Every structure is written in C-alpha cells, then in structure tokens.
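Some notes on the structure that comes next.
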2 protein chains.
Amino acid sequence: MAIHKKEEFSQKEQDLAAFAKALAHPARIAILKLLAQRNECICGEIVEVLPLSQSTVSQHLKELKTAGLINGNIDGPRSCYCINWKAFEKFMGEFSFLFNKLKVQNEKACC
Amino acid sequence: MAIHKKEEFSQKEQDLAAFAKALAHPARIAILKLLAQRNECICGEIVEVLPLSQSTVSQHLKELKTAGLINGNIDGPRSCYCINWKAFEKFMGEFSFLFNKLKVQNEKACC
DNA sequence: CTCCCTAATCGTATATTTGCGATATAAGAT
DNA sequence: ATCTTATATCGCAAATATACGATTAGGGAG
C-alpha cells in the first residue's frame with residue numbers, strides 16, 4: 001500500500017467502516033455475544049471460553065473498546081467489560097438508514 | 001500469526017465476521033452506497049467517483065462479490081453490479097437477532 | 001482482422017492485523 | 001514486604017489487506 005487512501009472518504013463512510021472492522025473477526029463477535037448473554041459483565045472468563053491466549057483476548061478487548069463498542073471498568077485486580085449499547089444502536093441505525101431506506105427506490109435491479 | 005485460529009469459532013460467528021469484514025473499508029462502503037443510490041446498476045462509473053485506481057476498485061468489487069453482498073453481470077465490454085439485498089437482509093437480521101434481542105434481558109449493566 | 005474500450009488479473013511493495021510468550025502493572029492476600 | 005491473581009502491554013513473527021502499474025481478456029466498431 002503506497003499511501004493510505006482511507007482519509008479521502010467521507011467521515012461517515014470511515015466511521016461505518018471502522019465499526020464494521022471492529023466486528024470483522026470471529027473472536028470479537030464471540031466476545032460481544034458473551035457480553036450480551038451474561039447478566040453480569042465479565043472479565044477473564046472470556047479467556048477461558050475462547051480458544052485464544054490471554055494476551056490475544058486482551059488485545060481484542062482493547063480493539064472493541066477503542067472502537068467504542070464496549071465499556072470497561074478496569075478496577076484493579078479484575079476488569080469488567082460490557083457492551084456499549086448506545087454506540088451499537090447508533091451504528092446499526094446508520095447502516096439501516098444507508099441501505100434499508102435506499103432499497104425502496106431500487107427494487108428493479110438489473111442483476 | 002502462528003496459526004489461523006478463525007476456524008475454531010462457530011460457523012455463524014465466522015459468517016458474521018466475514019460480512020463485517022466486507023464492510024470494513026470506506027471504499028467498499030462508498031461502493032455499496034453508490035450501488036444503492038443509482039436506479040441502474042453501475043460498472044466503471046465507480047472508478048470515476050472513488051479516489052482509487054481502476055485495479056483497486058476492481059479488487060474491492062471482487063471482495064464484495066465474494067462475500068455475496070453484490071451481484072455482477074460481467075457481460076462483455078462493461079460489467080454491471082448491484083446489491084444483493086437478500087444477503088444483506090440476512091446478515092442484518094442476524095446481527096439484530098444476536099444483539100438487539102439479547103439487549104432486553106441485560107439492561108442493568110455494571111459499566 | 002485490427003484498433004479501441006472496459007474491466008479483470010498479475011506481480012509487487014507496503015501497511016495492518018493476528019497471535020503468542022514474556023514482561024509489567026496493580027490490587028488483594030498472607 | 002512478599003506472594004498471588006488478573007490484566008494490560010511489549011516485542012516479535014507470520015498472515016492478510018491495500019494499492020497501483022502493467023498486462024491480459026473479451027467484446028464492439030471500423
């Protein structure tokens with residue numbers, strides 16, 4: 001890649017792409033699923049469930065956090081994560097807006 | 001990456017991740033937006049709109065097609081793409097199922 | 001058939017992601 | 001103060017992704 005061209009796209013496009021990138025790995029999907037399923041936020045239980053090392057899981061958690069999809073209470077000995085539903089809904093909403101809405105006027109596709 | 005661990009996750013997790021990965025680049029978001037906006041399916045007009053070379057755009061189109069998000073009529077001189085709304089809805093539905101549904105029982109988050 | 005035009009593919013350079021072991025950090029227990 | 005436990009971070013290796021120019025392929029026009 002000579003130069004990153006990502007900056008040349010609109011902010012909204014970049015934001016949606018960043019959101020999608022955060023979801024673009026089965027481990028992160030699995031983490032989010034776990035966080036969504038448990039009543040209590042989890043910490044290192046994730047490490048036991050996933051087929052990945054502790055450091056790798058920690059890295060995935062960091063990516064999800066950086067993307068704003070999860071919140072983390074790093075309080076001392078154990079840290080507690082949970083889904084940031086607000087951010088989640090925001091992005092899902094934007095996707096729906098972008099694609100579901102435009103779909104109506106475009107039903108007669110050629111292929 | 002010593003070994004790819006992606007295979008160790010469930011098929012559904014892998015599928016969702018693959019879908020997200022297809023969306024994980026502003027260029028591909030822009031392409032999908034374009035395809036959704038135009039009544040007619042487009043071909044190389046995309047190249048003119050995007051700040052990328054023809055070969056790069058072609059590669060992104062290929063990725064979207066491989067992911068099943070778009071259909072392509074490669075009919076001779078010019079090829080015509082359009083969004084595969086069915087696949088799109090399938091994935092959006094699965095995301096909603098996974099996250100929106102689980103949200104209800106998990107409103108009292110700790111962080 | 002030869003000349004265009006459009007689009008796909010190849011080869012390659014560079015950037016980013018993924019994964020892990022080792023190490024650091026931070027708080028509670030002894 | 002030291003040990004333990006739970007996480008985060010660093011450094012590195014390998015795999016992927018991104019981008020582009022050059023080339024190839026496949027029609028239509030003349």
Side-chain angles (χ1 to χ4, degrees), chain A residues 1-9 13-14 17-31 34-35 40-67 70-82 111, chain B residues 1-9 13-14 17-31 34-35 40-67 70-82 111:
Chain A
M1 190 169 23
I3 312 156
H4 354 62
K5 293 269 185 158
K6 292 187 183 178
E7 296 79 15
E8 310 210 4
F9 293 91
E13 284 162 353
Q14 291 184 52
F19 170 70
K21 181 178 275 179
L23 298 172
H25 194 287
R28 293 195 288 273
I29 296 281
I31 289 172
L34 255 180
L35 289 177
E40 295 266 307
C41 307
I42 345 165
C43 42
E45 301 166 295
I46 303 170
V47 176
E48 290 184 29
V49 177
L50 298 199
L52 297 170
S53 77
Q54 179 266 321
S55 59
T56 304
V57 170
S58 194
Q59 231 175 306
H60 282 303
L61 285 167
K62 191 182 175 187
E63 278 175 75
L64 286 169
K65 200 177 173 188
T66 302
I70 62 177
N71 298 123
N73 258 354
I74 313 121
D75 68 306
R78 62 198 60 212
S79 51
C80 161
Y81 289 100
C82 62
C111 46
Chain B
M1 188 168 25
I3 311 157
H4 352 64
K5 293 268 184 159
K6 292 187 181 176
E7 295 80 14
E8 310 211 4
F9 294 91
E13 284 161 352
Q14 290 183 53
F19 170 71
K21 181 178 276 179
L23 298 172
H25 194 288
R28 292 194 289 273
I29 296 282
I31 289 173
L34 254 180
L35 288 178
E40 295 266 306
C41 308
I42 344 162
C43 43
E45 299 166 297
I46 304 170
V47 176
E48 288 184 30
V49 176
L50 299 199
L52 297 170
S53 77
Q54 180 265 320
S55 59
T56 305
V57 170
S58 194
Q59 232 175 305
H60 281 303
L61 284 167
K62 191 182 174 187
E63 279 175 75
L64 286 169
K65 201 176 174 191
T66 302
I70 63 175
N71 298 122
N73 258 353
I74 314 121
D75 68 307
R78 61 198 61 215
S79 52
C80 161
Y81 289 101
C82 62
C111 48

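All values reported here derive from a predicted model rather than from experimental measurement. Quick note on labels: first sequence line is chain A, next is B, and so on, each numbered from 1.
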- Note on the structure: Between the OG1 atom in B/Thr56 and the CG atom in B/Leu50, the distance rounded to the nearest 0.5 Å is 10.0 Å
- Query: Does B/Tyr81 have a side-chain nitrogen or oxygen under 4.0 Å from the phosphate oxygens OP1 or OP2 of C/dT6?
  - Reply: no
- Task: Mind calculating the distance between NZ (B/Lys65) and C1' (C/dT9) to the nearest angstrom?
- Result: 13 Å
- Interatomic distance, B/Ile29 CD1 vs D/dT18 C1' [rounded to whole Å]: 16 Å
- Please state whether the phosphate of D/dT9, meaning OP1 or OP2, lies under 4.0 angstrom from any side-chain nitrogen or oxygen of A/Ser58. no
- To the nearest Å, how far apart are B/Asn73 CG and D/dG26 C1'? 16 Å
- Item | B/Ile31 CD1 to D/dT18 C1', straight-line distance once rounded to whole Å | 13 Å
- Query: Quick one, which residues of residues 17-27 of chain B touch DNA chain D with a heavy atom under 4.0 Å?
  - Reply: B/Lys21, B/His25
- Query: Whole Å only: how far is the CG atom of B/Leu61 from the C1' atom of D/dA17?
  - Reply: 16 Å
- Query: Counting any heavy atom closer than 4.0 Å, what does A/Glu63 reach on the DNA or RNA strands: base, sugar-phosphate only, or nothing?
  - Reply: sugar-phosphate
- Item | Pairs meeting criterion salt bridge (Lys or Arg N to Asp or Glu O under 4.0 Å) with involvement of residues 50-59 of chain B, two or more places apart | none
- Message: Short of 4.0 Å, heavy atom to strand atom, which residues of residues 48-55 of chain A count as contacting DNA chain C?
- Response: A/Leu52, A/Ser53, A/Ser55
- Nearest heavy-atom pair of B/Ser53 and B/Val47: which atoms, and what distance? C-CG1, 4.5 Å
- Name the residue closer to the 5' end of DNA chain D, choosing between B/Arg28 and A/Lys62 according to the nucleotide with the nearest heavy atom. A/Lys62
Listing, residues 57-67 of chain A side-chain donor-acceptor contacts under 3.5 Å, not counting sequence neighbours, or none:
from, atom 1, to, atom 2, distance (Å)
A/His60, ND1, A/Arg28, NH1, 2.9
A/Glu63, OE1, A/Arg28, NH1, 3.2
A/Thr66, OG1, A/Lys62, O, 2.8

- Query: Does any N or O in the side chain of B/Gln14 come within less than 3.5 Å of the main-chain N or O of B/Phe9, such that one atom is a donor and the other an acceptor?
  - Reply: yes
- A/Ile70 atom CD1 is separated from D/dA8 atom P, nearest whole Å, by 9 Å
- Item | From A/Leu35 atom CG to A/Ile46 atom CD1, the distance as rounded to the nearest 0.5 Å | 5.0 Å
- Send over the distance from B/His60 NE2 to D/dA17 P, rounded to a whole Å. 12 Å
- Task: Grab the CD-P distance between B/Gln59 and C/dT14 for me, whole Å please.
- Result: 17 Å
- Query: Between B/Ser79 and C/dT6, is there a side-chain N or O to OP1/OP2 distance below 4.0 Å?
  - Reply: no
- Note on the structure: Residues passing the side-chain contact (heavy atoms from CB on, under 4.5 Å) test with A/Ala18, sequence neighbours excluded, are none
